[in-house]
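A short worksheet on the structure shown next.
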4 protein chains.
Amino acid sequence: MVPTASREEKQTEILIAAIRVFAKHGFDGAKMEYIAKEAGIGKGTVYEYFESKDRLFEEILKFSVEQFRIGLKKGMDKGETIEQKIMNCSRFTAQFMNDHMEFVHIAMQVKILSEDIRLHHMAVQSVIIEYYKEMVKAAKQKGELRSDLDVELATCCIIGTLEQFCKQRVFIDPRPIDEIDHPAIVDVILRGIR
Amino acid sequence: MVPTASREEKQTEILIAAIRVFAKHGFDGAKMEYIAKEAGIGKGTVYEYFESKDRLFEEILKFSVEQFRIGLKKGMDKGETIEQKIMNCSRFTAQFMNDHMEFVHIAMQVKILSEDIRLHHMAVQSVIIEYYKEMVKAAKQKGELRSDLDVELATCCIIGTLEQFCKQRVFIDPRPIDEIDHPAIVDVILRGIR
Amino acid sequence: MVPTASREEKQTEILIAAIRVFAKHGFDGAKMEYIAKEAGIGKGTVYEYFESKDRLFEEILKFSVEQFRIGLKKGMDKGETIEQKIMNCSRFTAQFMNDHMEFVHIAMQVKILSEDIRLHHMAVQSVIIEYYKEMVKAAKQKGELRSDLDVELATCCIIGTLEQFCKQRVFIDPRPIDEIDHPAIVDVILRGIR
Amino acid sequence: MVPTASREEKQTEILIAAIRVFAKHGFDGAKMEYIAKEAGIGKGTVYEYFESKDRLFEEILKFSVEQFRIGLKKGMDKGETIEQKIMNCSRFTAQFMNDHMEFVHIAMQVKILSEDIRLHHMAVQSVIIEYYKEMVKAAKQKGELRSDLDVELATCCIIGTLEQFCKQRVFIDPRPIDEIDHPAIVDVILRGIR
DNA sequence: AATGAATGAGCCTTCATTCAT
DNA sequence: GATGAATGAAGGCTCATTCAT
């Protein structure tokens, strides 16, 4: 239809379709046939772009975590003060969880995978944590946070609070995302670590 | 082994064995044969105690979440001040995650299951959150926490921080559990919500 | 309860119970557990009397066909004229099919069995046919039937008509057994072979 | 083999293969693997055409009974006199039983099946009986049969005699099918009902 | 390149049989 | 002798993967 999607574009299309299917059925419930149908192509075609179901899943994981990492990084970089930075993270996390509710489910099935990808996943998680740590350290040096603050602990407080809040809003007690009072969240966090 | 294991004892033995196997292989990787072998019994015997693989998994989920709920409740009840209560929760959560690292993995595969069990699981999660909320409310009334504190938010801060910390210590950067500085964690949380 | 049934009596009790279960569930649907329960005994006890499910089934087959053979023989022997003999057979066949509807179903699964029992079963069938042939031959000699009658053919006509009638009455269009007009049946048969 | 077998042709091929296997091993002895091998295809392929073993068996039953019904009907329609009609039925029944010895065995295992198919099977049986009844009624009206003849009884005599004869020739005392003296059979029957 | 019919390895589950009590 | 908990062989069915078109 469209001029013909480049190989890379098609690959991404399949990936997106697969995310939806994995999210809906879980890893083992997601038949390759469903994924093909969701992508509007034939079963065999999937194998032209991904060598196996496992590899496809791994690619999805990489892809999704990468999206998250990038978004978070951008949010941190855009803020001037630690308050703004955390606020940006809060907003992005909420938006991401809301849009990619599925991603969370997918990310949770990591252990089925090859050691390889498991390590990769851990690594990205670590990277994200590291971003936060750097942010905290920098803020400490700028005097925005108290000087005796344990960096790891502060990081846990920030990530934990943000994610727990999103989880509750998305999974336990779903409400419109724009009702979230980000300043209040950031306030609680900042009181703890300032 | 022991003289005679009552039906209930045997059922629990199988459950425990199954937890290990599910944790190690994931739901679909966990063959009933492995579970039987882990429990030191024949494949068919598992079916004398659990009608299907799905039901077995559901029982595990119920069992584990229940253990967690009970432990947390006990911790809250034993504390006098909000500080002691949170400290107890911190300690129990760390211990539980450390001992039942598997549980966390298992709990994450909820979506494969029947609507029934999914709802049950959500319900218990809600109950746990409710416990925390009650704790916060009571502390507010006793004047231990500031009067304009948003209860939901405070709850997210407590649960999120505790769990994130444990996750990092267990999954990302494993270190001996007794090195955890609980008072410091509680301090960060309390500053945020006091 | 009763003085204690002799081994043989108990064996027969199990046999009777097994007939009911096989008849209800078919060979492969009939679990040994059902049979034991129907006989009011434990699963293991069945094996004290019959070495295997196959053997039990074989015994049932023998038992039932034997009952049929004996009843038929008695009916033939009791009659004076060919008319009376066939009438007796008609009555007995109707009664037997009605009472042992199950038997018919069981007898139909013969081919699952060992060659041994299959041959035995064929043999009894042949014996029954032989009884009829003898009956026809004797009647021919007594001048009750025409002299140029083909004995095999006559036999088929008698057996076929009787059994087909019973089948229809029992399976296709069930009606009370005492509504059967045996003289009319015999009349049609006799006209054909007299 | 042949250039391209349409879906329907392939389905029929499998059906034919399955008839052979069911006939040889009985319902429960017939492994899907055997059926696949007999059809010269893979195990999974059978499931592309029949959703389960039970359904496959049901289709076979329908298929076979239908073949029988059609053949019989044709035989009746082709004859002018009742004598010719019965003769045609005699010939067709003998041929069918000889060629489809297996069918008879299969048709006998009806009780394992779903109520649905059982009723269908009964229905076709009834239809066949009805054909015979109509034939008899028509012959009565044309004065070919005596006017006080009981139609049901006559039907039993015809069907019973024909089938019993074939059974004996095929199962008990196998002899070449062309040795059958159909006129003699018809003669015995007609004497009984004329 | 795209397809989907065909494949068969693999696993859950059943149930006849055993044997310790 | 009677029992029924335990067993594991066996088979129906699924679905990731292949390959001829």
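We name chains A, B, ... by the order of the sequence lines, and we start the count at 1 in each one.
The base of F/dG1 lies outside donor-acceptor range of the side chain of C/Lys10, with no N or O pair under 3.5 Å. Evaluation of atom-type donor-acceptor distances gives no pair under 3.5 Å for the side chain of B/Lys53 against the base of E/dT13.
Taking 4.5 Å as the limit, every side-chain heavy atom of D/Tyr49 sits out of range of all side-chain heavy atoms of D/Leu15.
Atom C1' of nucleotide F/dG11 and atom CG of D/Asp28 are separated by 11 Å, given to the nearest angstrom. Between the P atom of E/dT7 and the NZ atom of D/Lys37 lies a distance of 12 Å, rounded to the nearest Å. D/Phe57 places its CZ atom 14 Å from the P atom of F/dG12, with the value rounded to the nearest Å. As rounded to whole Å, 15 Å separates atom P of F/dC15 from atom CG of A/Asp54. Regarding C/Glu13, its CD atom lies at a distance of 11 Å from the P atom of F/dA2, rounded to whole Å. We find that NZ of C/Lys43 is positioned 20 Å from P of F/dG1, with the value rounded to whole Å. B/Glu33 places its CD atom 12 Å from the P atom of E/dG10, with the value rounded to the nearest Å. Whole-Å rounding puts the B/Tyr49 OH to F/dA5 P distance at 8 Å.
Looking at heavy-atom distances under 4.0 Å, B/Lys31 makes contact with sugar-phosphate atoms alone, never a base. B/Phe50 comes within 4.0 angstrom of nothing in the nucleic acid, heavy atoms only. When heavy atoms are screened at a 4.0 angstrom cut-off, D/Tyr34 is found touching no nucleic acid atom at all.
Between the side chains of A/Lys31 and A/Tyr34, at least one donor-acceptor pair of N or O atoms lies under 3.5 Å.
For C/Ile41, taking side-chain heavy atoms from C-beta onward, the closest of the listed nucleotides E/dA1, F/dG12, F/dT3 is F/dT3. Among the nucleotides F/dT3, E/dT3, E/dT17, the one closest to the side chain of C/Ser52 is E/dT17.
Judged by a 6.0 Å distance limit and a 45° cone about the ring axis, C/Lys53 is not positioned over the six-membered ring of C/Phe22.
In terms of modelled atom types and a separation under 3.5 Å, the side chain of D/Ser64 and the main chain of D/Ile60 share a donor-acceptor contact. Remark: the backbone N or O of B/Phe63 is not paired with any side-chain donor or acceptor of B/Glu66 at under 3.5 angstrom.
Nearest-nucleotide positions on DNA chain E for D/Glu48 and B/Gly44 put D/Glu48 closer to the 5' end. Looking at which nucleotide of DNA chain E each of D/Val46 and C/Ala30 is closest to, the 5′-most match is held by D/Val46. For the pair D/Thr45 and D/Met32, nearest-nucleotide mapping onto DNA chain F gives the more 5' position to D/Met32.
Across every strand in view, F/dC19 sits in a pair with E/dG4 that passes the Watson-Crick or G-U test at under 3.5 angstrom.
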